Every structure is written in structure tokens, then in C-alpha cells.
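A short write-up of the structure that comes next.
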Amino acid sequence: MKSNRGGTIVSMQLSKVYEPSEYESDIYALWEQSGVFAADPESHKERFSISMPPPNETGTLSLGHALFLTLQDIMARYQRQQGKDVLWLPGTDHAALAVNAIMEKKLSNEGTTKHHIGRDAFLERTREFVGESRGTMLGQMRAMGASCDWSRLRYTLDEALNRCVTETFVKMYEAGVIYRGHRIVNWDPNLETNVSDDEVSYEEEQGKFYTFRYGPFEIGTARPETKFGDKYVVMHPDDERYSQYTHGDTLSVEWINGPIHATIIKDAAVDPSFGTGVMTITPWHSLVDFDIAERHGLDKEQIIDFHGKLLPIAGEFAGMEIAEARPKIVAKLKEKGLLVSIDDNYVHNVATNERGKGVIEPQVRLQWFVDVNTPAVEWKGKQRSLKEVMQLVIRDGDIEIMPKRFEKIYFHWIDNLRDWCISRQIWWGHRIPAWYRTDTDGTVETFVGLTPPADDESQGWNQWEQDPDTLDTWFSSALWTWSTLIDQELAADMNIPFEDVLKQSKDFQTYHPTSMMETGWDILFFWVARMILSTTFMTGEVPFQKVYLHGLIRAEDGKKMSKSRPESIIDPLDVIPKYGTDALRMALIMGVSPGNDQNWGWGKIEANRNFCNKIWNISRYTIDRVGELTELTKPEPTTDAEHWVLSNLQRTTEVISAHLDAYRFSEAYDTLYHFVWDEVADWYIEASKNEKGGTVLAYVLEQLLKLAHPFAPFVTETIWQVLPWTGTTVLAVQPWPIPVHADKKAAAHFEEIRSIVTESRALIRDLGLHKPHLYYTNVPFLGGNAELIARMSGLAGVQEVSDGAGLHLVTTSYRCWLDVDASIAEAHLERLAVQTNEQQQRLASLQARLRNENYVNHAPKEVVNETKAQVAETEATLARLQAEQHRFAEIGS
RNA sequence: GGGUUCUUAGCUCAGUUGGCUAGAGCGCAGCAUUCACAUUGCUGAGGUCACAGGUUCGAGCCCUGUAGGACCCACCA
């Protein structure tokens with residue numbers, strides 16, 4: 001029994017099957033206690049830093065979280081093993097809108113509302129709720145094996161982060177990048193807040209399209225209830241059908257509630273080919289209409305209130321909900337003879353809020369915006385707009401997005417980017433640092449600053465009031481990479497200017513810009529783009545050097561996992577106890593390429609559980625073999641198998657490293673999997689059973705554990721803790737394997753042995769042989785491996801003789817044969833004929849390639865030489881096949 | 001309307017800058033049985049890489065087009 005590192009007790013009597021749940025929590029505790037995940041800014045190592053995308057504190061972690069934790073953990077562990085100082089900074093997000101929606105629902109279930117209980121009580125309850133969620137979620141991150149630095153855990157509502165938010169708002173305001181104005185926003189009447197353009201999703205719906213008579217015109221609409229105030233008729237300036245009308249003409253038309261004084265507007269935004277080419281506009285409730293109204297300085301009038309009810313302008317319909325009012329309005333227009341037609345098959349897009357699923361009603365509101373078009377930022381020596389900076393950092397290569405194709409998508413999004421509406425009418429979040437007061441003459445004064453303005457005591461009636469709104473949750477997340485790195489104590493001292501806080505924050509100076517941002521492509525715009533926007537503005541640095549985007553995990557049937565189909569949702573916490581975290585981690589990266597979605601599959605989970613068990617049993621075998629080995633010295637390979645495995649270990653290490661360096665996780669893992677299973681377990685371990693000693697065996701296991709550690713940290717560390725020679729060390733910080741010398745010739749001999757064994761097995765099976773002998777002539781290296789070959793192939797024996805006859809192997813150039821009787825001749829000849837045919841076809845195609853002068857002249861020399869070697873090899877195989885056919889043709893006849 | 005992406009074995013998917021006889025997992029067929037592991041081993045079957053052109057000595061990979069699927073952005077009153 002070896003025990004006790006960090007409380008971990010492990011038995012030498014390892015169970016036959018790896019039981020992850022027996023070890024995982026102890027192993028994680030060992031890591032935490034040993035402090036191996038803590039970054040050290042004082043060290044002189046190369047840095048690797050990565051900010052964890054903070055999960056929303058809304059409850060529990062999903063498979064999507066499991067995926068990003070796995071990918072980031074692989075990077076962090078690999079870089080740590082490369083000897084770098086790694087900072088993986090964890091955190092959580094207050095998720096303003098999402099949490100707010102949950103809380104309002106809770107209150108509603110209790111029969112109350114936030115307005116009833118008041119702002120303070122609401123915030124108190126919310127804090128309680130997210131506190132519980134956070135505890136659960138941090139535990140789940142540990143369960144996934146996340147090797148993050150818990151001493152630097154951050155939260156978007158931390159004091160220091162709050163300061164960053166306020167500082168950013170104020171600096172942007174002072175630079176003229178943030179402004180307050182009346183603009184069309186996406187208003188959600190359910191949640192009673194506006195949301196940004198990105199949070200709106202459109203769903204197709206079949207509806208009615210109405211055409212009404214409006215004076216001399218016919219106008220179309222899907223929303224008659226917005227049309228009460230329509231007094232502008234808009235048409236394209238080049239539309240010849242309406243050339244008799246001039247911009248600014250007025251006319252009187254009969255409309256829903258009586259005559260309207262209408263004005264002609266000519267604007268190119270109108271599509272002459274749609275409908276009649278004429279429309280009336282509702283600037284208060286449509287973005288396009290609003291833009292037209294702005295261009296021509298037209299009046300804007302609100303028709304629908306913020307609860308979704310019609311205002312007094314609707315006359316007899318005032319106070320009605322839209323759904324109720326619409327048919328009544330249409331009926332009235334029909335009665336007045338103004339209804340021309342109704343198209344029942346009109347498909348239009350209905351805007352809904354992704355969070356609350358409420359139908360969005362565009363409204364004009366006085367809100368705060370981030371201006372993305374005004375050149376207000378100094379970037380690389382020039383005044384730029386935020387939009388330009390966002391484009392430049394990618395174009396200049398300051399930030400690389402993987403996979404590359406997302407750069408195009410990113411540019412496309414930026415091209416369409418409008419000002420970002422950042423104020424929200426909810427209570428949970430960062431309150432906007434703006435205060436207002438109304439002067440005696442009725443003008444409103446605005447104050448924006450880090451601290452509240454002082455009230456003028458002499459005017460008790462005239463006090464400052466803070467803006468009741470909070471900021472879009474992405475406004476604070478956008479600061480994540482650096483707001484998490486500033487010194488918490490310095491930031492608490494408001495006397496220290498913010499620039500100095502940044503300058504004096506060791507972590508910020510050491511780890512920013514971060515090396516990597518790993519996240520899902522679905523928040524490229526919400527988050528990644530906003531981080532670039534805010535971080536370049538505030539720090540003059542990019543937030544990260546690389547962006548790796550992973551895909552979504554869908555249900556087994558390829559559809560989205562969705563709350564409406566609870567059975568489709570897989571909870572990582574259901575998977576882990578049964579299959580182990582390592583199996584889950586590897587299933588999530590196996591056969592997956594960046595940016596592509598993947599389907600959940602229980603098959604992959606099982607395959608990877610089995611893989612963990614394979615590693616486990618290789619270890620059991622090795623431990624059993626080496627006994628109480630207390631020190632592992634440099635391995636000195638003696639047998640062909642040892643040279644072979646060490647040379648393959650070296651090759652595998654190089655390939656895995658190259659893949660991981662290029663963030664090709666799936667390929668790296670695939671390489672590891674096949675080395676461990678197909679090479680170590682199936683060949684080297686088998687070969688070792690014929691050997692004594694075990695230094696190389698122990699060495700190979702040790703290196704294998706290091707290579708597998710980033711992928712399967714728990715099982716590898718568990719084994720490491722059991723190994724008799726590893727002392728009190730922790731695998732998580734062991735250096736990546738370094739090459740050892742292996743003899744190429746000896747390794748090649750073992751390759752020959754593999755050929756001989758494989759062919760013998762196939763022959764025995766195909767020809768129904770029963771424990772034949774293998775004889776050979778003049779193959780020095782076979783002698784030492786005779787027993788091994790016999791055992792692995794199921795042979796009666798392997799012996800050297802001076803000469804003899806039998807069934808000759810054809811995959812090896814060495815002369816060896818099985819003793820057989822004449823009865824198999826026919827079957828053997830048939831088999832040979834098939835093989836000969838294959839080889840002839842191959843030879844023909846290779847020769848044709850070499851006859852092509854263009855190929856020989858144009859292709860790289862190595863490629864041509866390779867072809868020549870293949871020809872020689874194929875010819876040799878063919879010669880053996882033919883000789884064998886000759887011999888057996890005689891026996892057969 | 002603009003854009004991205006996918007189509008490779010029965011299923012789910014890899015395939016790095018164009019270059020060995022295109023791979024994996026699962027599934028399938030047959031054989032093996034307690035010697036690290038049945039969460040096992042061995043042997044094998046199975047693919048005109050959606051289709052049609054083009055570039056190239058050479059195309060699953062590059063270009064053009066076609067068909068079908070998925071998604072993103074914009075959004076027409």
C-alpha cells in the first residue's frame with residue numbers, strides 16, 4: 001500500500017476495471033492542495049494565459065460547458081507540461097437578462113412582482129439565488145478536471161470589475177463614443193426592457209397581408225394596428241407610376257378614424273417592385289420608417305405603449321391589445337370601403353427576444369448607445385472608429401481566428417454593425433453611472449462620472465437622480481480579459497487613477513493580452529467582438545492573440561438539445577459518475593473539428609471509457625512486472641521490441657506535439673489512442689511477456705501517461721500516484737517526454753516480426769491450419785524472437801533450419817515458411833491468386849506513373865523516389881508470390 | 001436578398017500546406033476464452049470521397065457550376 005499524498009489513499013491491489021468515481025474527487029483535491037494550477041507572475045517562464053468564458057450563474061453546467069472546459073483544460077495542461085507559466089483564470093457571469101428573467105418568473109410563481117417587493121429586496125433575493133448557482137457550478141468545473149487558478153476566481157459583479165465597468169462607461173462618454181438619444185430599440189413588452197439587435201431572433205410565421213386604399217394610393221401592411229398616425233406616403237423617386245407627385249405635396253385622405261392630412265415623401269429606401277411601390281410609414285415602430293423620418297425630418301408618433309396596448313391616438317381602439325384590435329380595425333376599414341384585399345398566405349418574420357421569447361415591438365426610446373462609427377479612438381497612431389479598429393485587428397493579424405472561415409463571418413457582421421444599445425430596464429446588473437436633475441427652467445442636466453454628484457444643499461428640491469437602468473450584460477463581459485487581471489486592492493482605492501491601476505497591476509502586465517480565447521462560435525458577435533471593441537479602447541491592447549471557436553453539441557438525432565425536449569438534454573453530471581470524466585472529455589473531442597457542430601453519441605463515451613480502462617490495465621501489468629522499482633533510470637533498450645516501441649514513442653510524441661501546437665485536438669487524440677492501444681498494448685506489452693526486466697516498460701508507461709494527461713487527467717494522475725517510483729511528484733506538472741535514442745535497425749526488425757505474425761495469423765485462419773511450425777533460414781534476428789512469434793501467432797514453434805519446403809510467407813523479404821500438408825494447396829493457390837492480382841494492379845499503376853515524363857520532371861524528387869521504391873517493393877512481393885505459386889502448382893498437380 | 005458550411009463505409013464523423021494502397025469509433029461476419037484488460041484479443045467484409053466540368057504530372061482537398069441539407073446576417077412596408 002502506498003498512500004497518502006494529499007490524503008489520497010490508493011491500493012496496490014488495483015481493481016481489474018478502472019472505477020473513476022473512486023478516485024476523481026481525491027485526485028482533484030490533490031491538485032488543488034499541491035498548488036500546481038496557480039500561475040506565478042514572478043517566474044521567468046514563458047507565459048500562456050487564457051480567460052475562461054464565465055458561465056452564466058443560472059443553475060448548472062451543460063455539455064457545452066463541459067466541452068469548453070475540456071478544450072481549455074487540454075491547452076492549459078499541455079502548456080504547463082511544456083514548462084510554461086500557465087494562467088487559466090476562472091469566473092462566472094451575473095448574466096443580467098437571463099437571471100433577471102428567472103427571478104421574475106420565480107416571483108410571478110409566488111404571486112408577486114419585482115415592483116411589489118422593491119429594488120433592494122429584489123437584488124437581495126437575486127444575490128441569494130446566484131450565490132447558490134455559483135457554488136454548484138464551481139463544483140462542476142472541478143468535476144470536469146478544470147486546471148484553473150482558483151486563487152484568481154472572478155465574478156462580473158466584483159468590486160474591481162464594477163470599477164472597470166464604470167471607468168469604461170465614463171471614458172467612452174467623455175470620448176463621445178457613448179451617447180444618450182432617442183432611437184428605435186427592440187422593446188420586449190414581457191420583460192419590459194429593450195434588448196440589443198443580436199438578442200433578437202426572427203421566426204417565420206404565416207400571416208395576413210392587407211392592402212388598403214389610402215387616398216389615390218393602395219398601401220400594403222401586415223400590421224394595420226400601427227397605421228393610425230400614418231401621414232406620410234413614401235415612394236421611390238424614380239418610380240414613373242407616381243411621377244405626377246412631388247416630394248412635399250400634401251393631400252387629404254380618408255383613413256381609419258377620419259380624414260388625414262398626408263404628405264408625399266420620395267425616398268430610395270422604397271422598393272418599387274414590392275406591392276404597389278407605395279407605403280405609409282410608422283416611424284415610432286419600425287426601424288426603416290424611423291430612418292426615413294430622420295432623413296426628412298418628419299414627425300414621429302407613438303401608437304403602442306410599452307405594455308403592448310394601443311394609445312389614445314387609436315381612438316375607439318385605445319387600450320386594446322394588438323391581437324384584439326387588429327381584426328376590429330380591419331373590419332372598420334372594410335366598412336369604410338378602404339379594404340382592397342387580404343392575402344392569407346403572407347409569410348413574414350416575427351421578431352422575438354431570444355431570452356424571454358416575447359414578441360419584440362420596436363419603440364423609440366431615450367437610451368444609451370455605443371457609437372461605432374465616429375472616429376474617436378487612437379489606434380496605431382490614427383483616429384479610428386470602433387468599427388474600424390474591430391476590422392483592423394483581424395486584418396493586421398493582431399488576432400487570429402480559428403478556424404479561419406470565421407474571419408469572413410466576422411467582417412460581414414461588422415459591416416452591418418449599428419450602434420450598440422447598452423441600457424436595459426432591468427435591475428440586476430451594473431447600474432448606469434449617469435445622474436439627472438431638472439433645472440428651474442425645465443432643462444435636464446446630465447452628469448456622468450465615477451462617483452455620484454453632490455447634491456446642492458441649498459436647493460433641497462433639486463436633487464440628482466441616478467438613471468434607473470442597468471447595462472447590457474455584455475458590456476461588462478466585454479472587459480473580461482483585463483478586468484479580471486487588475487489588482488483588486490489597487491482598484492478599490494478610487495484615489496489611484498485608473499491608468500495607474502493598470503500600470504501597477506502585476507497580473508495585467510504579465511498576462512495581458514491573453515494568449516488564447518476559446519469559446520463557441522455562437523457568441524462570436526455577442527462577446528468576442530465586444531471584447532475587441534472595449535479592450536482596444538480601454539487598454540490600447542487586443543484582448544487575446546488567438547481565438548479558437550468550437551461548435552455546438554447537438555442531441556444524438558442531430559437536432560438541438562432543447563428544453564422543450566427534456567429527453568434530448570444530456571447532463572454531464574449524469575455521465576461522469578457512470579463513465580468517468582476522462583471518458584466524457586475524450587468523447588467530446590474525438591473526431592471533432594473546430595467550428596463544426598457535433599452530435600452527442602453514447603458510443604463515443606463507451607469507446608473512451610474502454611480506452612481509460614486500457615491505460616489502467618497497461619499500468620496494472622507494468623506495476624506487476626516492475627515490482628518495487630523505486631527509481632527509474634534512463635532506459636537502455638536491448639530487444640527489438642524495445643527499440644521499436646521507443647522509436648514509436650518518439651514519433652508519437654512529435655506528432656501529438658505538432659497537432660496540439662496547431663490546436664488540432666482531435667488528431668492529437670487520435671494519434672495517442674492508436675499508439676497506446678495498437679502499438680503499446682497490442683504489440684509491445686505482448687512482446688514484453690517474453691522478456692525479463694522492465695525498465696523500458698516502466699519508462700514507456702511513464703511517457704505514455706504524460707502524453708495522455710492533457711486528455712485524461714484523472715486516470716493518468718491516479719496511476720501516477722500509484723507508481724512505486726514517482727515519489728511525491730504530481731503528474732500534472734511533469735515535463736513533456738523528451739526523445740531517447742532507439743536503434744532504427746532493431747526497430748525495423750520488429751516491424752518484420754509484426755508482418756510475420758500478422759501473415760501467419762491470417763494464413764492459419766484462412767487455411768484452417770492447426771498449430772503449424774514456422775521454419776526459417778538465415779534470419780539472425782528471428783532467433784531471439786522465436787518464442788514471441790510462436791505465442792503471438794499461435795504456432796507450435798519457430799525454428800531455424802538449413803533448408804526445407806512449405807508455405808512461404810510473402811509479406812516479408814526474409815525466407816520463412818509454415819509446415820503444411822498438400823491438402824491446403826488449392827485454397828492457398830486461390831489466396832495467392834487474389835494477392836497477385838492486387839499487386840499486379842498496383843504495380844501497373846505505379847509504373848504508369850513513372851512512365852509519365854511530366855510526373856517525373858514536375859513532381860518533387862522525394863515523391864518520385866518514393867514511387868520508385870514502391871515499384872521495387874511491389875516487384876519483390878510479386879516475385880515471391882509467383883515463386884510460391886510455382887511451388888504449389890507442382891504440389892497440386 | 002447576402003454569406004458560411006456540409007454531402008467520404010450500414011450509422012456518426014476525421015482527413016493539417018494537393019503526393020504512399022482514403023482513416024476512426026460504433027455496428028456487422030467469423031474465430032479465440034480466464035496468461036494486464038470481455039470495458040478483451042485475432043482475422044475480415046464494407047467506400048466510383050453528392051453530381052458535372054476545369055486547373056494540375058497528380059484532386060477527397062483548389063476553381064466553376066448543379067442538386068440536396070444545416071446555419072448565420074439583413075429584412076419589404
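These numbers come from a predicted model, not from an experiment. These numbers come from the heavy atoms of this one structure, side chains and all, not from hydrogens, waters or symmetry mates. Every chain is numbered from 1 and lettered A, B, ... according to where its sequence line falls, protein lines coming before strand lines.
- Checked by atom type and distance alone, the side chain of A:Q391 never pairs as donor or acceptor with a backbone atom of A:I414 at under 3.5 Å.
- Here A:R620 lies in heavy-atom contact (under 4.0 Å) with sugar-phosphate atoms only.
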If a protein heavy atom is under 4.0 Å from the base, mark B; if only from the sugar-phosphate, S; if neither, -; do that for nucleotides 70-77 of chain B going 5' to 3'.
-> -SSS-BBB
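- For A:N613, counting side-chain heavy atoms from C-beta on, the closest listed nucleotide (B:G30, B:G41, B:C37) is B:C37.
- Close to B:U43, at under 4.0 Å from its OP1 or OP2, lies a side-chain N or O of A:R761.
- In this structure, A:K614 reaches the bases: a heavy-atom distance under 4.0 Å links it to at least one base atom across the strands shown.
- Relative to the side chain of A:N596, the nucleotides B:A14, B:U21, B:G41 differ in distance, and B:A14 lies closest.
- A:W600 comes within contact range of no nucleotide atom at all, as no heavy-atom separation falls under 4.0 Å.
- Phosphate proximity of B:C37 to A:K16: present, with a side-chain N or O under 4.0 Å from OP1 or OP2.
- In this structure, A:F714 has its ring center no closer than 6.0 Å to that of A:Y23.
- The phosphate of B:G58 has neither OP1 nor OP2 within less than 4.0 Å of any side-chain N or O from A:N852.
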How does RNA chain B read in dot-bracket, base by base from 5' to 3', with Watson-Crick or G-U pairs under 3.5 Å and | used when the partner is on another strand?
-> (((((((..((((.....[...)))).(((((.......))))).....(((((..]....))))))))))))....
